[in-house]
Amino acid sequence: MALFYQLLLHSALLILFFPLHFPNFLVGVSSTTLSIEIDKEALISFKSQLSDNTSHPLSSWSQNSSPCNWTGVLCNYLGQRVTGLDLSGLGLSGQLSPYIGNLTFLESLQLQGNQLTGVIPDQICNLLRLRVLNMNSNRIEGTLPSNITHLNELQMLDLSSNKLVSRIPENISNLNKLQVLKLGGNNFYGAIPAAIGNISSLRNISFGTNSLSGWIPSELGKLNNLIELDLMINNLTGTVPNSIYNLSSLVNLALASNSLWGEIPYDVGLKLPKLLVFNFCINKFTGRIPGSLHNLTNIRVIRMAHNLLEGTVPPGLGNLPSLRMYNIGYNKIVSSGERGLDFIITSLSNSTLLNILAIDNNRLEGVIPATIGNLSKNLSFLYMGGNGFNGSIPASIGNLSGLQLLNLSYNSITGEIPNELGQLEELQELSLAGNQLSGSIPNSIGNLTKLNNIDLSSNKLVGGIPISFGNFKNLYSMDLSSNKFNGSIPKEILHLPALSKVLNLSVNLLTGPIPQVGNLLGVATIDFSNNQLFGDIPSSFSNCLSLEKLFLSRNMLSGPIPITLGDLRALETLDLSSNQLSGPIPSQLQNLHILQLLNISYNDLDGVVPSGGVFQNLSNVHLEGNEKLCLGFSCVPHGNGRRNVKLYIIIATMVALILFIIAMVLVLYINKRKVKVTPSMLLKPNVPMISYDDLRVATEEFNKENLLGIGSFGSVYKGHLRQWNTIAVKVFDTLRTSSLKSFFAECEALRNSKHRNLVKLITSCSSVDFKNNEFLALVYEYLSNGSLEDWIKGKRRHANGNGMNLMERLNIAIDTACAMDYLHNESEVLVVHCDLKPSNILLDEDMVAKVGDFGLARLLIQSSINQVSISSNHVLKGSIGYIPPEYGWGEKPTTAGDVYSFGIVLLELFSGRSPTDENFTGDLSLTRWVQSAFKDKAMEVIDPQLLSLILQDDDPSNARNHNPQLRCVDAILGVALSCTPDNPNERINIKDVVRQLKAVRDFLVKQYV
């Protein structure tokens, strides 16, 4: 009986157990399945917000498979939930889906290195398990979600290099497990919240390149685990709290480019024993260099340039074996005694990794010690200019075999240039200007074949200019002015192909005739004034197509002014004064439309002074000292001269009228005969035609693998022809009604065009294909770096993964502007492109830009009233976003329309935003968006890829002015906005665009001098 009750009790417990537990087991299985399905749907929704792309890196994301097998997805060990999402560096574009908030088990979200746009959805704050949130290097906008501080499991928050405009939340301390907080490269504004000092786990704070203001909160001094504090390039002011110097774990302390002031504690090196980077440049710090910094045996970077520091360099430099950069330039540092520089140079000999030494523009004096040759063989940049050094240049400097830049300019150095400088084979820039150097230039200097800038001006050098200077094939600037050079000008230096800035030989004792100018196609300034040159002015100056300033004054030049000077369309200043020139003033000088100053005074010129061009305003023309010159009818020698002149005018008018009538009759006759123009008539003479079969073989049967792109005209293929190597074949879709017109437009536009920044048209093909259908194609040179559009959108990058830097973008802008200037002002027939946009700007292997696709081009003839198109077609021409407003009103194409399109391209190039971006709706356009931020928030509109490259540059030359590269971008955006007013009459001229952009480039180049 007892056994029966026991069995009954067990049965009852078993019955109770199953209803409670077995159903829960079933529910658990169902819940797991349901949970992974929720995560799958969230991820599919996330993918749907990304731009459609057939080669999408998320192609493995399919409804038919588990998310745990998808690219970048990490699940927990049972495959029940998604816990990690790593899609970094996949080139994704589009916006973040709010459904991301349904991944409630997510612990890591890494989306860095993509092209994501839009805002951070508020739903991201549902991810309460999130420990890592990394979205750096995208294009995310808007503000931080208000409840982002609810993610209190967060250990890393990296939103750097985006376009966020926000304050840092005051309750940021709620993220009390945070270790990494990176918000740099955005537009965060306002003060740094003091509450950050309560996040004791913080190890890395990076707020650089924002618009933060106010004082640095002293509460940051409580972060005892902090190893990096980056507050560079903001608007912070006040003194640095002493508490910051108590953060003994700091490895990187960067406060550069603010308005901080006060003295740097002398014991800072003792308080921060682990410091590797100390960057305090471009502030207002006073006092002395802290001697304790020289006790930091592991430190790598010391930058204190552009402050108000004074006193001597403290001892201890010999204790820094890991030092890579020592930059104390642009302060008030002094040296003690004649040998005061010895200890600096001798001590730094122990820093065998030293790459940059900048002590320029201080108050240092004394002799440069011979021990300078013992400095690091890794030393690349040596800045010592703008001090008071005397004595000679030690021969041992030739031991610095890695030197790329040597600047000893504007000191009091004497003696001769040592022959050993010729051993510096890596040298790219040599500046010894403004000293008292004597003797001749050593021939060994000609061995420096990598030189791109040499400045020996304002010394006492004698002898001839070495013929070996003709070896400088990379040289863009040469200044040998204000010396005592004699002999003739070596013809070799007039054939330097890269010379693009200055060739200045003025104020010397040079004699003989000026040799024929060779390949100086890109030089901007030539100055041979104040010498003893004689003979004729060479007509070959007309080869210098980019010449802006030509100075030949105060010589003994004779003969006439060459009429070929009228071909220098870029010329702004021409000074031929104080010579022995004779004959009339060439009327061709009237064609120099941007000439601002013409000085031909004190010569022996005669005849009538022209009345057009620069001569319309004689305040810009200096004619004095030419007694035989006369103005207007004052030149007629006899009393009846006026009547004769009138008669000549009447006869000339009648002849012109007769010629006009004959021309009109010929035009009508040709139209009546309906002469059919063939491609061979449109191309230059002696250009070989090519057959369909040749192109079929060259493109491997027009293989899709050789397809470079598809446009409204047809397709472009890559091909290989023996006589032209690699080519680009543009095949027109003859079924489209506009294809033939586009074909002939390109032929006509390019038949007589020859410019380095225009895509070269090699030949054409007008034939039939194997189906006996009409076949039209144009053969162009192949440009290996694709289109500018590909680079702006990040589809192309350099081998190191970087996009275009500032100089590359600026050079591309100048190349494009020069091409348009040529089409508008210098080609035989004025050409309006009508479709300038990034996809029509191609880049060769050296990143030289060339404008192509002239399918919509219009050729204009000059009228006395305005510009008139030879086409009467009023159809709207161009691409949406780049078309000037007046074309939409029915106006004909003009050069001002091309200027507008160029301005839009320029805005896109430097902002990274297309004019057709979906965010530009209603009255908001790319132009208005940039205008709204131009004055106060310019950094907000700079392409984040470009901004990150600017800000990671550690070259001390960037400290020459406050954020010089950012100032350049501001100037470029200003030029772009000058191109894009709605009223075409308010737009800048393309000639002025070229001039202003080149001025920006000159400024930028100076920052590395």
Non-neighbouring partners of [X] that pass side-chain contact (heavy atoms from CB on, under 4.5 Å), sequence neighbours left out:
| X | result |
| --- | --- |
| Leu159 | Ile120, Met135, Leu144, Leu157, Leu164, Leu183 |
| Asn378 | Leu353, Ser376 |
| Ala254 | Asp230, Met232, Asn252, Asn279 |
| Val1000 | Leu810, Cys968, Ala971, Ile972 |

To the nearest 0.5 Å, what is the distance between [atom1] on [X] and [atom2] on [Y]?
| X | Y | atom1 | atom2 | value |
| --- | --- | --- | --- | --- |
| Ser477 | Asn453 | OG | CG | 4.5 Å |
| Asn204 | Glu228 | CG | CD | 4.0 Å |
| Ser292 | Leu270 | OG | CG | 5.0 Å |
| Leu480 | Leu503 | CG | CG | 8.0 Å |
| Lys473 | Thr449 | NZ | OG1 | 10.5 Å |
| Leu223 | Leu229 | CG | CG | 8.5 Å |

Within the 4.5 Å heavy-atom criterion, are [X] and [Y] side-chain neighbours or not?
| X | Y | result |
| --- | --- | --- |
| Leu456 | Ile441 | yes |
| Leu424 | Leu430 | no |
| Leu320 | His294 | yes |
| Ile302 | Leu296 | no |

Does the [X] side chain pair with the main chain of [Y], one donor and one acceptor, at a distance under 3.5 Å?
| X | Y | value |
| --- | --- | --- |
| Asn459 | Asn435 | yes |
| Asn307 | Lys284 | yes |
| Asn374 | Ile372 | no |
| Asn258 | Asn234 | yes |
| Ser412 | Gly388 | no |
| Asn331 | Ile333 | no |
| Asn210 | Asn186 | yes |
| Asn411 | Met384 | yes |
| Asn283 | Leu260 | yes |
| Asn471 | Gly446 | yes |

Between [options], which is the residue that forms a side chain to side chain contact (heavy atoms under 4.5 Å, CB included) with [X]?
| X | options | value |
| --- | --- | --- |
| Lys271 | Leu247, Asn246, Asn242 | Asn246 |
| Leu382 | Leu354, Leu357, Ile356, Ile359 | Leu357 |
| Leu406 | Leu427, Leu379, Leu400 | Leu427 |

Determine whether the side chains of [X] and [Y] contain a donor N or O and an acceptor N or O closer than 3.5 Å.
| X | Y | result |
| --- | --- | --- |
| Asn298 | Ser322 | no |
| Ser218 | Ser243 | no |
| Asn136 | Gln112 | no |

Exercise. In chain order, what residues pass the ring pair (Phe, Tyr, Trp, His ring centres under 6.0 Å) check against Phe910, with sequence neighbours excluded?
Worked result: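 Residues passing ring pair (Phe, Tyr, Trp, His ring centres under 6.0 Å) with Phe910: none at all.
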
For this session: Can you sort out the partners of Phe469 under ring pair (Phe, Tyr, Trp, His ring centres under 6.0 Å), two or more places apart, ordered by chain and number?
Result: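 Partners of Phe469 under the ring pair (Phe, Tyr, Trp, His ring centres under 6.0 Å) test: Phe472.
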
Exercise. So which pairs with a foot in residues 259-280 pass ring-ring contact (aromatic ring centres under 6.0 Å, His included), sequence neighbours left out?
Worked result: Phe278-Phe280, Phe280-Phe285

For this session: Please check if atom CD in Gln436 has more than 12 non-hydrogen atoms from other residues, nucleotides or ligands closer than 6.0 Å.
Result: yes

Exercise. Any chance NZ of Lys377 has more than 12 other-residue heavy atoms, nucleotides or ligands included, within less than 6.0 Å?
Worked result: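 Yes.
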
Exercise. Which residue pairs pass the salt bridge (charged side-chain N to carboxylate O under 4.0 Å, His left out) test when at least one of the two sits in residues 436-457, sequence neighbours left out?
Worked result: Glu426-Lys450

For this session: Given side-chain hydrogen bond (donor to acceptor under 3.5 Å, both in side chains), test Asn225 with Ser249 step by step and report yes or no.
Result: CA-CA 6 Å; Asn225 294 310; Ser249 297; 5.6 Å; no

For the student: nearest non-hydrogen atoms of [X] and [Y], plus distance:
| X | Y | result |
| --- | --- | --- |
| Leu272 | Ile244 | CD2-O, 4.1 Å |
| Met804 | Leu946 | O-CD1, 4.2 Å |
| Pro217 | Ala194 | CB-CA, 4.0 Å |
| Gly422 | Leu448 | O-CD2, 3.7 Å |
| Met156 | Leu178 | N-CD1, 3.9 Å |
| Leu461 | Asn483 | N-OD1, 3.0 Å |

For this session: Start with the C-alpha distance between Ile205 and Leu220, add both sets of side-chain angles, then the distance that settles side chain to side chain contact (heavy atoms under 4.5 Å, CB included), and finish with yes or no.
Result: CA-CA 10 Å; Ile205 294 179; Leu220 294 183; 4.3 Å; yes

Residues in side chain to side chain donor-acceptor pair (under 3.5 Å) contact with [X], at least two apart in sequence or another chain:
| X | value |
| --- | --- |
| Glu808 | His798 |
| Ser409 | Asn407 |
| Ser88 | Asp86 |

For this session: Could you give me the CA-CA distance, side-chain angles and deciding distance for Met304 and Ile289, then say whether side chain to side chain contact (heavy atoms under 4.5 Å, CB included) is met?
Result: CA-CA 9 Å; Met304 292 180 285; Ile289 298 174; 3.6 Å; yes

Seminar exercise, completed: Sorted by chain and number, sequence neighbours left out, salt bridge (Lys or Arg N to Asp or Glu O under 4.0 Å) with Asp479 holds for none

Exercise. Taking it one step at a time, do Leu806 and Leu949 satisfy side chain to side chain contact (heavy atoms under 4.5 Å, CB included)?
Worked result: CA-CA 8 Å; Leu806 176 56; Leu949 289 174; over 6 Å; no

